[in-house]
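Reading through the structure tokens given below for one structure.
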Amino acid sequence: MSINEVKQIILEKFKYVCIVGLVCAIISGGYKYCFTPSVRYEGNFTYTRLIQINNNTSINNPYIEFNYPGIINTNGNYVEFLTKVENAYDFSKINSSWHRFSQQAKMNWFRRLIKYNNFRNDTYEIIFSLPPNSILDLPYLKENISGLIDVFVSQGNQIIGKIKPGTDIETVNETLLLPEEVANNKKEVALKYSVYGFIAGVFLSMAMFIGIPFFKKIQE
């Protein structure tokens, strides 16, 4: 197919190319306008709790610290923890896929979100952090995160107590850092995606109008 033939097709189908582009622009822009949230978040949702493990000595050597994160991250501890919290909290407000997760996936999800800093002398910082694009219901998180970590620490205390009777976990302090709420300009977002939709529609329709005659000519 020559360049002149391509030009001729474009001229003949120009009206239809524009119509397809406009339809794609309306669909793309309308979709983004309807489904773009009114606010977005910048920065992580981060809750931290500083804890002190009291009466914490190794069974064999009093100078070796107890491996708190190692014990807390065991499957057995997480199974007990999930049993206590699954019906007490609506995790679909924290992760929309929660009800589709297997038990192992739920444990791994918590392991990704909950991290630890070890300051020695049996002092640890527990960090629960969600990136801004994962925040579904900020008010629900703010209201319930402290209670959720209460259960997490309490469960850790129980399992450590079975290994080291008399051990007690004390909360030193807790901190909540909230993401900044930024208003979305829905009209601006819709306009941007309308332009993207128009360009995509134009290129796709041109490819179709040029491609069909081209392949027909090859088959001949």
Side-chain angles (χ1 to χ4, degrees), residues 35 37 39-61 64-120 122-179:
F35 293 100
V39 297
R40 69 179 188 276
Y41 299 110
E42 292 187 356
N44 288 3
F45 174 94
T46 304
Y47 174 90
T48 60
R49 181 174 294 196
L50 190 66
I51 61 171
Q52 176 74 41
I53 303 179
N54 300 317
N55 190 28
N56 174 24
T57 55
S58 169
I59 295 173
N60 299 314
N61 188 335
I64 298 177
E65 283 193 289
F66 195 83
N67 184 3
Y68 174 77
I71 294 296
I72 297 303
N73 275 319
T74 59
N75 283 343
N77 183 62
Y78 267 110
V79 167
E80 292 293 328
F81 170 66
L82 287 172
T83 300
K84 293 177 179 178
V85 299
E86 273 208 277
N87 294 325
Y89 297 94
D90 185 359
F91 285 100
S92 65
K93 292 186 176 182
I94 304 175
N95 188 310
S96 58
S97 302
W98 181 263
H99 295 305
R100 298 194 296 272
F101 282 175
S102 65
Q103 189 80 343
Q104 187 64 54
K106 291 174 181 177
M107 291 190 290
N108 290 338
W109 180 79
F110 269 109
R111 287 188 178 110
R112 287 194 298 271
L113 296 182
I114 299 178
K115 304 298 181 185
Y116 308 89
N117 284 326
N118 184 353
F119 297 114
R120 303 297 178 185
D122 308 325
T123 305
Y124 296 87
E125 183 181 46
I126 301 172
I127 306 166
F128 178 97
S129 186
L130 268 178
N133 60 348
S134 297
I135 298 172
L136 302 180
D137 191 330
L138 184 59
Y140 186 82
L141 272 172
K142 288 167 60 177
E143 182 181 349
N144 291 284
I145 186 61
S146 182
L148 181 65
I149 299 301
D150 279 343
V151 180
F152 186 78
V153 171
S154 174
Q155 173 55 36
N157 196 28
Q158 287 183 28
I159 194 169
I160 291 174
K162 292 177 181 179
I163 301 169
K164 291 287 295 173
T167 297
D168 178 64
I169 298 177
E170 175 189 355
T171 294
V172 178
N173 64 36
E174 53 186 327
T175 305
L176 179 60
L177 298 176
L178 298 175

Original post:
Hey, mind stepping through Ser92 and His99 against side chain to side chain contact (heavy atoms under 4.5 Å, CB included) and telling me if it holds?
Top reply: CA-CA 7 Å; Ser92 65; His99 295 305; 3.8 Å; yes
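- Distance CG/Asp90 to CG/Asn95: 11.5 Å, rounded to 0.5 Å.
- The closest side-chain heavy-atom distance from Ile71 to Asn77 is not below 4.5 Å.
- In this structure, Pro132 and Asn44 approach most closely via the heavy-atom pair CD-OD1, 3.1 Å.
- Using a 4.5 Å heavy-atom cutoff, the side chains of Pro69 and Asn118 are not in contact.
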**OP:** Apply side chain to side chain contact (heavy atoms under 4.5 Å, CB included) to the pair Gln104 and Asn75, showing each step before the final yes or no.
**Re:** CA-CA 8 Å; Gln104 187 64 54; Asn75 283 343; 4.0 Å; yes
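- Partner Ile51 forms a side-chain contact (heavy atoms from CB on, under 4.5 Å) with one of Asn173, Asn157, Ile126, Ile149 and no other, that one being Ile126.
- Taking the side chain as every heavy atom from C-beta outward, Leu130 and Ile94 approach each other to under 4.5 Å.
- A 4.5 Å side-chain heavy-atom check between Ser146 and Leu148 finds every atom pair outside the cut-off.
- Within the 4.5 Å cutoff, no side-chain heavy atoms of Lys93 are placed close to those of Leu136.
- Under a cut-off of 6.0 angstrom, the local environment of NZ in Lys142 is sparse, with at most 12 non-hydrogen atoms contributed by other residues, nucleotides or ligands.
- A distance of 5.0 Å separates CD of Glu125 from OG1 of Thr48, quoted to the nearest 0.5 Å.
- Glu86 has its side chain within reach of Lys106: a pair of non-hydrogen atoms, C-beta onward, lies under 4.5 Å apart.
- Between the side chain of Ser97 and the main chain of Arg100, no donor-acceptor pair closer than 3.5 Å is present.
- Using a 30° and 60° split on the angle between ring planes, Tyr68 and Tyr124 fall in the tilted class, from 30° to 60°.
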**OP:** Apply side chain to side chain contact (heavy atoms under 4.5 Å, CB included) to the pair Ile159 and Thr74, showing each step before the final yes or no.
**Re:** CA-CA 10 Å; Ile159 194 169; Thr74 59; 4.2 Å; yes
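- Side-chain rings of Phe110 and Phe81 approach one another, their centers coming within less than 6.0 Å.
- Shown here for Tyr116 and Ile72, the closest heavy-atom pair between the two residues is OH-CG2, 3.0 Å.
- For Asn133, the CG atom counts as densely surrounded, since its 6.0 Å shell holds more than 12 non-hydrogen atoms of other residues, nucleotides or ligands.
- Note that the CG atom of Leu82 and the CZ atom of Phe152 stand 10.0 Å from one another [nearest 0.5 Å].
- Residues Gly156 and Ile169 share a closest heavy-atom pair of C-CD1, 4.1 Å.
- Sequence neighbours left out, the pairs with a member in residues 145-156 that pass salt bridge (charged side-chain N to carboxylate O under 4.0 Å, His left out) are Arg49-Asp150.
- The two atoms that bring Arg40 and Glu42 nearest to each other are NH2-OE2, 3.4 Å, heavy atoms only.
- Partners of Glu143 by side chain to side chain donor-acceptor pair (under 3.5 Å), not counting sequence neighbours: none found.
- Proximity of Thr123 to Val172: side-chain heavy atoms (C-beta onward) are nowhere separated by under 4.5 Å.
- Here the closest non-hydrogen pair linking Ile163 and Pro165 is O-CD, 3.5 Å.
- A heavy-atom distance below 4.5 Å is not found between the side chains of Glu174 and Leu176.
- One finds the OH atom of Tyr78 at 6.0 Å from the CZ atom of Arg111 (value rounded to the nearest 0.5 Å).
- Between Phe128 and Phe45, the angle of the ring planes goes over 60°, which puts this pair in the perpendicular group of the 30/60° scheme.
- From Tyr47, atom OH reaches atom CG of Leu141 across 12.5 Å, with rounding to the nearest 0.5 Å.
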